[in-house]
Number of protein chains: 2
Amino acid sequence: MTELDTPSQILAAAEARFSLYGYNKTTMAEIAGDCNMSAANLYRYFENKLDIGAALANQCLVEKEHGLELIITDDSKSCAEKLQAFILYILHYTYHHFDTSPKISELIEAMTDQRPEVMQSHRQSKLSLIHQLLEQSQEIGEFSFADIDQTAEAINTAISIFYLPTIMPMFTLEEFERKADAVCTLLLNGLTHSG
Amino acid sequence: MTELDTPSQILAAAEARFSLYGYNKTTMAEIAGDCNMSAANLYRYFENKLDIGAALANQCLVEKEHGLELIITDDSKSCAEKLQAFILYILHYTYHHFDTSPKISELIEAMTDQRPEVMQSHRQSKLSLIHQLLEQSQEIGEFSFADIDQTAEAINTAISIFYLPTIMPMFTLEEFERKADAVCTLLLNGLTHSG
DNA sequence: ATACTGAATATTTTATTGATTATTCATTAT
DNA sequence: ATAATGAATAATCAATAAAATATTCAGTAT
């Protein structure tokens with residue numbers, strides 16, 4: 001067990017509190033208490049509470065991106081399979097978080113309206129993963145399309161409801177899965193030459 | 001200028017108030033006052049305020065559906081053109097309403113969380129218009145697809161961000177238009193035989 | 001009977017206050 | 001200098017009271 005520097009210690013304490021009691025209900029004093037320091041001292045390392053949240057949210061989103069990256073770089077899958085897995089991963093991640101860990105959703109929600117850049121950057125990462133997939137498909141000639149940037153944006157847009165936590169209460173997971181499947185089929189139809 | 005029956009008179013007064021001051025800030029007493037009757041009398045014609053709102057929201061959504069129907073039944077357009085016009089109409093409608101008439105958005109918002117059936121039925125109407133378009137395309141052989149229901153659902157899902165008022169603040173109209181265009185191109189790619 | 005009303009009640013909003021919490025800062029410890 | 005603190009201030013939240021509003025109903029007018 002390696003020593004943690006102060007910022008990491010703070011983040012660890014905050015993460016524990018946030019995931020147990022939620023972002024809004026944990027106080028700076030509590031985080032500081034867990035680190036055996038005063039609340040004032042937290043401000044030496046983070047500008048404010050929101051920044052602590054942003055650091056953690058970012059960490060969480062980076063993990064998600066990593067999961068998606070594994071799919072994109074999994075050489076045992078065809079590009080079509082990758083796209084499908086990609087979409088389902090996003091859907092399940094969003095749904096699961098909303099459904100079973102409302103505490104993390106609370107953090108994401110706070111970021112969505114108080115730190116939109118964080119979410120924006122994640123959206124950007126997803127876009128670039130899709131772009132990567134399209135590049136691969138070009139190399140092996142699996143998909144065909146005119147404009148790679150436009151196509152990546154189209155896919156990203158078409159699947160965007162699957163990463164909006166707000167939408168999750170509108171349908172059951174099964175309904176979403178059917179929708180995801182339908183969209184995926186149609187997208188692949190557009191990407192795959194039937195020539 | 002033809003005479004209005006009492007329910008229509010009430011709806012007209014309510015519509016004027018709602019679009020000028022918003023759903024939440026207009027009172028039953030005010031609506032009644034505009035109709036020269038007591039608030040109590042409104043309840044002879046509508047169960048409650050929400051029902052008045054629902055009637056108007058419905059009217060508004062039906063108008064929108066009518067606009068969409070005109071596009072779908074416009075014989076001067078190819079199915080591809082119809083799909084594009086359909087998507088752009090929805091986008092502009094949603095964006096415009098959110099942007100320039102927040103009062104109506106307020107009504108829609110109230111319906112979304114207190115009368116979800118109203119919105120659900122509108123979603124259904126859009127789905128069936130898409131279905132209709134797909135049928136047409138089948139007849140003239142413009143598009144080709146395996147499962148019409150699945151395809152209609154896929155299209156409806158892929159374009160769904162364009163009718164979510166909540167999403168509108170996230171991008172400018174120009175950005176949305178680019179996205180709509182990209183999605184449309186990709187969908188058409190999937191629907192049109194390149195044979 | 002049908003259309004309506006005023007007054008009574010129930011529900012929802014709004015305003016006010018007090019308490020909690022975030023943030024700053026002057027100061028202390030190492 | 002760097003790390004930390006306690007106490008002061010500012011911003012936010014929660015509880016409550018007050019006011020406004022929705023809804024009901026017993027009763028009046030036609």
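Just so we're on the same page: letters track the sequence lines, and every chain starts at 1.
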Q: If I take atom CE in residue B:Met37 and atom P in nucleotide C:dA3, what distance separates them, rounded to the nearest angstrom?
A: 11 Å
Q: How are the rings of B:Tyr93 and B:His97 set to each other: parallel, tilted or perpendicular (split at 30° and 60°)?
A: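 Aromatic pair B:Tyr93/B:His97 classed perpendicular.
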Q: Kindly indicate whether the side chain of B:Tyr43, heavy atoms from C-beta on, has any atom under 4.5 Å from the side chain of B:Met28.
A: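 Side chain of B:Tyr43 against side chain of B:Met28, heavy atoms only: contact under 4.5 Å found.
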Q: Please give, in whole Å, the distance from D:dA22 C1' to B:Gln114 CD?
A: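 Between C1' of D:dA22 and CD of B:Gln114: 13 Å.
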Q: Rounding to an integer number of Å, can you tell me how far B:Lys49 NZ sits from C:dA10 C1'?
A: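 These atoms are roughly 16 Å apart.
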Q: Please give, in whole Å, the distance from D:dT23 C1' to B:Asn41 CG?
A: 14 Å
Q: For A:Glu109, is the CD atom crowded, meaning more than 12 foreign heavy atoms sit under 6.0 Å from it?
A: no
Q: Find which nucleotide of DNA chain D each of A:Lys25 and A:Leu42 is nearest to by heavy atoms, and output the residue with the more 5' nucleotide.
A: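 Final value for this comparison: A:Leu42.
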Q: Both conditions, 6.0 Å and 45 degrees, for the charged tip of A:Lys25 above the ring of A:Phe18: are they met here?
A: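 Output no; distance or angle outside limits.
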Q: Separation of A:Ile10 atom CD1 from D:dA3 atom P, in whole Å?
A: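 Whole-Å distance recorded here is 11 Å.
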Q: Would you please say whether a donor-acceptor pair under 3.5 Å links the side chains of B:Gln136 and B:Lys82?
A: yes
Q: Between C:dC4 atom P and B:Tyr43 atom OH, what is the distance in whole Å?
A: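 Atom OH in B:Tyr43 sits about 16 Å away from atom P in C:dC4.
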Q: Could you tell me whether A:Thr27 contacts a base, only the sugar-phosphate backbone, or nothing, with contacts defined as non-hydrogen atoms closer than 4.0 Å?
A: sugar-phosphate
Q: Closest approach to the side chain of A:Arg44, judged atom by atom: which nucleotide of D:dT2, C:dA3, D:dT24 is it?
A: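 When the side chain of A:Arg44 is considered, D:dT2 is the closest of D:dT2, C:dA3, D:dT24.
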Q: In whole angstrom, what separates A:Asp51's CG from C:dT24's P?
A: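 Roughly 11 Å, once rounded to whole Å.
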Q: Remember a base hit wins even if backbone is also touched, and classify A:Asn48 as base, sugar-phosphate or nothing at under 4.0 Å, heavy atoms.
A: sugar-phosphate
Q: What integer distance in Å separates A:Ile52:CD1 from C:dT21:C1'?
A: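 Atom-to-atom, A:Ile52 to C:dT21, this comes out as 13 Å.
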Q: Indicate, with a heavy-atom threshold strictly under 4.0 Å, whether B:Tyr45 touches base, sugar-phosphate, or nothing.
A: sugar-phosphate
Q: Can you figure out which of C:dA3, C:dT24, D:dT24 approaches the side chain of B:Ala40 most closely?
A: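 Looking only at heavy atoms from C-beta outward on B:Ala40, the closest nucleotide is D:dT24.
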